Novice: 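Would you mind keeping the following structure in view while I ask a few things?
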Amino acid sequence: MSRQEPRLGRRDLLKMTGAAAGAAALGTLDPRHRWAAEAAVARQNGGSAIVFGVGTDVDELDPRQTDTQEGYIANANVYDCLVLYDLGATTIRPGLAESWEISDDGLTYTFHLRQGVKFHDGAAFNADAVVTWFNSIKEGAPGSQYDATKMVYMQDFITVWIDRVEAVDDATVTMTLPKPYAPLLANLAIPIAGIPSPAIIGKGLDYVAVNPSGTGAFRLARADDWVRDSQMVLTANPDYWGGAPKVEQLIIKVVPEASARLQQVEAGELDIAWALTPEDVERARGNPDLVVVEDAGLNTNCVEFNVTKEPFTSKEVRQALNYAINKQELSDGLYNGNMVPAGGVLPPVDWAYNPDLKSYPYDPDKAKELLKAAGYDESKPLTFTFMAYTVPRGYNPVGDRLATAIQEYWSQVGVQANIQTAEWTQYRADRRADQFQCSLSGWMGDNGDPDNFLFSLLAGESKGAGNTAFYDNPKVNDLLLKAQEESNQDERKKLYQQAEQIIVDDAPWAFLGYQKHQVVTRANITDFEIQPTYIYYFAGTSKA
C-alpha cells in the first residue's frame, strides 16, 4: 500500500543530512566495529525507527531454534533464506539463491548463489556457508548440532526431505532428495531456513540464540540492544543486497496487553500493533491517524482432541462436540464477524480449499444423540479437562475467552469441560509431550502449501510435533504422501481434498474458523505489506 508522503520541514532535512554525514564518516571502519558506531549515530540523531508492538518477546535469534511467531518475524529480517516469499504472497522469489533448477525426476535441486553478499560479521556468503548451515541441522551430518528439543521444526520442514547438500563450486550448491517433495521451495522460504554465518554456527546453539549474524536487512548491533521482555532494537544493514532499508532501526517492543498496544499506537508510541483483539481493531477503524491493514487469513483455529486418551478415543464424542458449537455465533459475538466459520482444516485462501466439504453444522440435538450413543447422558455426564492458553494468537486474538465460550456451548448439551490454563511456552511443550486430553489449538500457515496444514498437523509422521491430537489414519497418511510426490497441482488438490474429508469425518479437532489477518499501523507508515504467512519483511517499509 502507498500514500502520498508529506513534505519535510527544514529541521527534518537537517536531521537527515546530519545522520547521512555521520554514516559516511563511518564508512572506513572495520565492519565488526562499524555496526555499533552506526547504531550510536542513529541513537544520537534520533534516527528514523519503526516500532512494532507484540504481545510476547522473541524467543530466539537463531532461526534454527525459533519456535514462536514473534521469533519468525524477527528472524525474517535478520536472516535470509535461499528463496523468499513475494511481498504479500506465498509465491517464491530469489533470495540468497538467484536462480535454481529441478531435475526431471524431482530428486536434485541446483541453486545458483548470489555473489558479493556478506554476513553481518563480515564473512562472505558462499556455497560452503550453505553446506555448513545444512549440516548443522541434519542429524548425523558432519558438524551436526541437531537437537530435537531445540530445533523443533527442522526435521519436519527441511532435513527429512533432503539427504545431503553439496558445494559444486563457490557459487553453486546441490540438494539431493530421497524422494520427490513438491513443497520443498515453499519450505525453504520459511524463516526457520534462514542461514547464519558459519563463524557463529561454530560457537554453538546457545551463542547463536543471542548473538545473531545473518545476511538480512537488519541486525542486532549490540547484545544489550535486546532487553528481554521489553524490547529489541535492530539496526539497518546499509550494505543489504536487496537495498538499504528505508529506516535506521526496527524496534520490536513487548506490550503484553492488546488494549495497551492499541493505546500506544494511538499515542504514536508504536508505529505498528500486532495481534489486537477484534474490539480493538474496530476501534482503530474510527481513528483517522490509524490504518487497519487486513487480508484473508492463512490460518486455522480449533480445539484438539487427543485421540489416544479417553474419552476422545470415541469418534462419536468428538463428532458430538463439533455439532455442539455454534461457529457463526462465535464469529459474530466473540470476533466481531472477523472469523470465517470453518468446515475443516484448510482456510478459503489455500489453493486446495474444498467449498463442498461435508462438515458439522450447529445441531445440539445431534450432539446429544451422539453422546448418548457413546454412553453419556444426564445420569453419566461427559467430564474432562479443557486446556487453554491465555496469550492472543493470530488465529485467535481473544485467548482463553474462546475456551469460556466453547465451555458454555458444551454445557448446553450436558458436557462439563473444566478449563485450566498454562503459560504459553509450557503449554506448547506439554501439548507436544502428550500431556493433554483436550486443548485449544490453531495454526498460522508457514508456506502457503496445503501440505503445511494437513501433513504438518495431522499426518502420523507428525505426531508429537505439529500433530498434537496424535491422530494417525493410514489412509490419510497414504494420500498425503502421494500428494507430496505429485508435481501436478491439480492432482495434488484432489488428493488433499480426499484426505481432508476423511479427517473431518474422524473429527480429531473441533473445527472452529479462520481469522482475518489484521494489523493496525499509524497512517504515516507506508509500504507495509502483510504476508499470508504472518511474517513481515520491513526492509521496504517507510515512516514519513
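Bear in mind that the values here come from a model prediction, so they are computed numbers and not experimental data.
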Novice: Taking atom types as modelled, is there a side-chain donor on Y335 or N396 under 3.5 Å from an acceptor on the other?
Specialist: yes

Novice: List the steps and the verdict of salt bridge (charged side-chain N to carboxylate O under 4.0 Å, His left out) for K516 and D295.
Specialist: CA-CA 6 Å; K516 285 183 182 178; D295 204 349; over 6 Å; no

Novice: Please round to the nearest 0.5 Å and tell me the distance separating atom CG of L382 and atom CG of L371.
Specialist: 6.0 Å

Novice: Can you find a side-chain donor-acceptor pair between Q501 and Q497 that sits under 3.5 Å?
Specialist: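 Q501 vs Q497: no donor-acceptor pair found between side chains.
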
Novice: Are any side-chain N or O atoms of N211 and backbone N or O atoms of I200, one a donor and one an acceptor, separated by less than 3.5 Å?
Specialist: no

Novice: Which heavy atom of P278 sits nearest to which heavy atom of P397, and what is that distance?
Specialist: CD-CG, 3.8 Å

Novice: Show your reasoning for whether side-chain contact (heavy atoms from CB on, under 4.5 Å) applies to Q69 and M444.
Specialist: CA-CA 9 Å; Q69 200 65 37; M444 293 185 287; 3.4 Å; yes

Novice: Do we see a donor-acceptor contact under 3.5 Å between the side chains of E257 and S259?
Specialist: no

Novice: Using a strict cut-off of less than 4.0 Å between a Lys/Arg side-chain nitrogen and an Asp/Glu carboxylate oxygen, indicate whether R261 and D280 qualify as a salt bridge.
Specialist: no

Novice: With no hydrogens and no angle check, just 3.5 Å: does a side-chain donor-acceptor pair link W443 and N452?
Specialist: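 Judged by distance alone, the side chains do pair up.
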
Novice: Would you call E266-R283 a salt bridge at under 4.0 Å N-O?
Specialist: yes

Novice: Using a distance-only test with no angle check, is there a side-chain donor-acceptor pair under 3.5 angstrom linking T56 and E70?
Specialist: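 Judged by distance alone, the side chains do pair up.
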
Novice: Is a donor from one side chain sitting under 3.5 angstrom from an acceptor on the other, for Q145 and R64?
Specialist: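 Present: a donor and an acceptor within the cut-off.
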
Novice: Among side-chain atoms of E310 and T313, is any donor-acceptor pair under 3.5 angstrom?
Specialist: yes

Novice: Please check if any side-chain donor atom of Q484 sits under 3.5 Å from a side-chain acceptor atom of D451, or the reverse.
Specialist: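 Yes, D451 and Q484 have a side-chain donor paired with an acceptor closer than 3.5 Å.
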
Novice: Considering residues at least two apart in sequence or located in another chain, which fulfil the side-chain hydrogen bond (donor to acceptor under 3.5 Å, both in side chains) criterion with D377?
Specialist: S379

Novice: Does the structure place the NZ or CZ of K380 under 6.0 Å from the centre of the six-membered ring of Y376, at an angle of no more than 45° from the ring's axis?
Specialist: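 Geometry flag: set, cation within 6.0 Å and 45°.
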
Novice: Side chains of N301 and Y514: any donor to acceptor distance under 3.5 Å?
Specialist: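 Checked: Y514/N301 side chains show no N/O donor-acceptor pair below 3.5 Å.
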
Novice: Is it true that Y323 and D365 share a donor-acceptor pair across their side chains at a distance under 3.5 Å?
Specialist: no

Novice: Who are the side-chain hydrogen bond (donor to acceptor under 3.5 Å, both in side chains) partners of K366, not counting sequence neighbours?
Specialist: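 side-chain hydrogen bond (donor to acceptor under 3.5 Å, both in side chains) list for K366, sorted by chain: empty.
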
Novice: So, for I137 and T159, which heavy atoms are closest and what is the spacing to 0.1 Å?
Specialist: O-CG2, 3.4 Å

Novice: Is the ring pair F305/F312 parallel, tilted or perpendicular, if the boundaries are 30 and 60 degrees?
Specialist: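 Geometry flag for F312 against F305: parallel rings.
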
Novice: Any carboxylate oxygen within less than 4.0 angstrom of a Lys/Arg side-chain nitrogen, looking at K150 and D206?
Specialist: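 Yes, charged N to carboxylate O under 4.0 Å.
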
Novice: Hey, what do you get for OG1 (T468) to CG (N306), rounding to the nearest 0.5 Å?
Specialist: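 Output value for this atom pair is 8.5 Å.
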
Novice: Do E329 and Y409 have side-chain N/O donor and acceptor atoms under 3.5 Å apart?
Specialist: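 A donor-acceptor contact under 3.5 Å links the two side chains.
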
Novice: Under a 3.5 Å threshold, yes or no: a donor from one side chain and an acceptor from the other, between Q531 and T533?
Specialist: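 Q531 vs T533: no donor-acceptor pair found between side chains.
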
Novice: Provide the closest heavy-atom pair for N299 versus Y534 in the form atom of the first, atom of the second, distance.
Specialist: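 Where N299 meets Y534 most closely, the heavy atoms are ND2-OH, 2.6 Å.
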
Novice: Could you report the tightest heavy-atom contact between I92 and A189, atom names first, then the distance?
Specialist: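 Residues I92 and A189, closest heavy atoms: CD1-CB, 3.9 Å.
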
Novice: Parallel, tilted or perpendicular: which one describes the rings of F436 and Y427, with boundaries at 30° and 60°?
Specialist: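 F436 vs Y427 ring planes: tilted.
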
Novice: May I ask you to decide if A433's main-chain N or O and Q435's side chain share a donor-acceptor pair within less than 3.5 Å?
Specialist: yes

Novice: Hey, could you give me the CE/CG distance between M387 and N418, rounded to the nearest 0.5 Å?
Specialist: 11.5 Å

Novice: Look at the side chain of H120 and the backbone N and O of G214, then say whether any donor-acceptor pair between them is shorter than 3.5 Å.
Specialist: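 Checked: pair present.
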
Novice: Which heavy atom of V58 sits nearest to which heavy atom of R228, and what is that distance?
Specialist: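 So the minimum-distance heavy-atom pair works out to O-NH1, 2.9 Å.
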
Novice: Checking side chain to side chain donor-acceptor pair (under 3.5 Å) for the pair K253/Q264: CA distance, chi angles, key distance, verdict?
Specialist: CA-CA 11 Å; K253 183 178 179 182; Q264 290 192 22; 2.9 Å; yes

Novice: Check for me whether the distance between the ring centres of F218 and F538 falls short of 6.0 Å.
Specialist: no

Novice: Under the 3.5 angstrom rule, does the side chain of S456 hit a backbone N or O of F453 as a donor-acceptor pair?
Specialist: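 Looks like no, no N/O pair under 3.5 Å.
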
Novice: Nearest 0.5 Å please: distance from the CG atom of L184 over to the CD1 atom of I162.
Specialist: 5.0 Å

Novice: Evaluate the criterion side chain to side chain donor-acceptor pair (under 3.5 Å) for residue pair Y181 and N187; output intermediate values, then yes/no.
Specialist: CA-CA 10 Å; Y181 179 62; N187 284 8; 2.9 Å; yes

Novice: Can you tell me how far the OH atom of Y537 sits from the CG atom of D80, to the nearest 0.5 Å?
Specialist: 8.5 Å

Novice: Does the side chain of Y471 come under 3.5 Å of the side chain of W509 through a donor N or O and an acceptor N or O?
Specialist: no

Novice: Do S359 side-chain atoms and G343 backbone N/O form a donor-acceptor pair below 3.5 Å?
Specialist: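 Answer holds: yes.
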
Novice: Evaluate F455 against D156 for side-chain contact (heavy atoms from CB on, under 4.5 Å), listing each step before the verdict.
Specialist: CA-CA 9 Å; F455 188 88; D156 289 344; over 6 Å; no

Novice: Scan side-chain atoms only and decide if N354 and Y496 contain a donor-acceptor pair under the 3.5 Å cut-off.
Specialist: no

Novice: Atom NZ of residue position K372 - does it have more than 12 heavy atoms of other residues, nucleotides or ligands inside 6.0 Å?
Specialist: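 Check fails, neighbour count at 12 or below.
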
Novice: Taking N75 for the side chain and G71 for the main chain, is one N or O donor matched with an acceptor at less than 3.5 Å?
Specialist: yes

Novice: Where does the angle between the aromatic ring planes of F386 and W410 fall among parallel (under 30°), tilted (30 to 60°) and perpendicular (over 60°)?
Specialist: tilted

Novice: Whether K309 and E304 form a salt bridge (side-chain N of Lys/Arg under 4.0 Å from carboxylate O of Asp/Glu) is what I want to check.
Specialist: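 Result for this pair is no, no salt bridge flagged.
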
Novice: Would you say CD of E269 has more than 12 non-hydrogen atoms from neighbouring residues, nucleotides or ligands within 6.0 angstrom?
Specialist: yes

Novice: Going through the distances and angles, do I502 and D506 end up as a side-chain contact (heavy atoms from CB on, under 4.5 Å)?
Specialist: CA-CA 6 Å; I502 296 169; D506 284 342; 3.9 Å; yes

Novice: Measure the OH-SG distance between Y395 and C302 for me, rounded to the nearest 0.5 Å.
Specialist: 8.0 Å

Novice: Would you check if the side chain of N77 reaches a backbone N or O of Y536 as a donor-acceptor pair within less than 3.5 Å?
Specialist: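 Such a contact is found between N77 side chain and Y536 backbone.
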
Novice: For D59, check side-chain hydrogen bond (donor to acceptor under 3.5 Å, both in side chains) against everything at least two apart and list the hits.
Specialist: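 With sequence neighbours excluded, D59 shows a side-chain hydrogen bond (donor to acceptor under 3.5 Å, both in side chains) to T66, T68, given in chain and number order.
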
Novice: Between Y153 and D67, do the side chains contain a donor N or O and an acceptor N or O under 3.5 Å apart?
Specialist: yes

Novice: Could you tell me whether E282 and R285 have a side-chain N and a carboxylate O separated by less than 4.0 Å?
Specialist: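 Salt bridge between E282 and R285, a charged N being under 4.0 Å from a carboxylate O: yes.
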
Novice: Would you please test L262 and V265 for side-chain contact (heavy atoms from CB on, under 4.5 Å) and show each step?
Specialist: CA-CA 5 Å; L262 176 63; V265 78; 4.0 Å; yes

Novice: Please report the closest heavy-atom contact between E461 and L481, naming both atoms and the distance.
Specialist: OE2-CD2, 3.8 Å

Novice: With distance as the sole criterion, is a donor-acceptor pair present between the side chains of D62 and Y207 under 3.5 Å?
Specialist: no

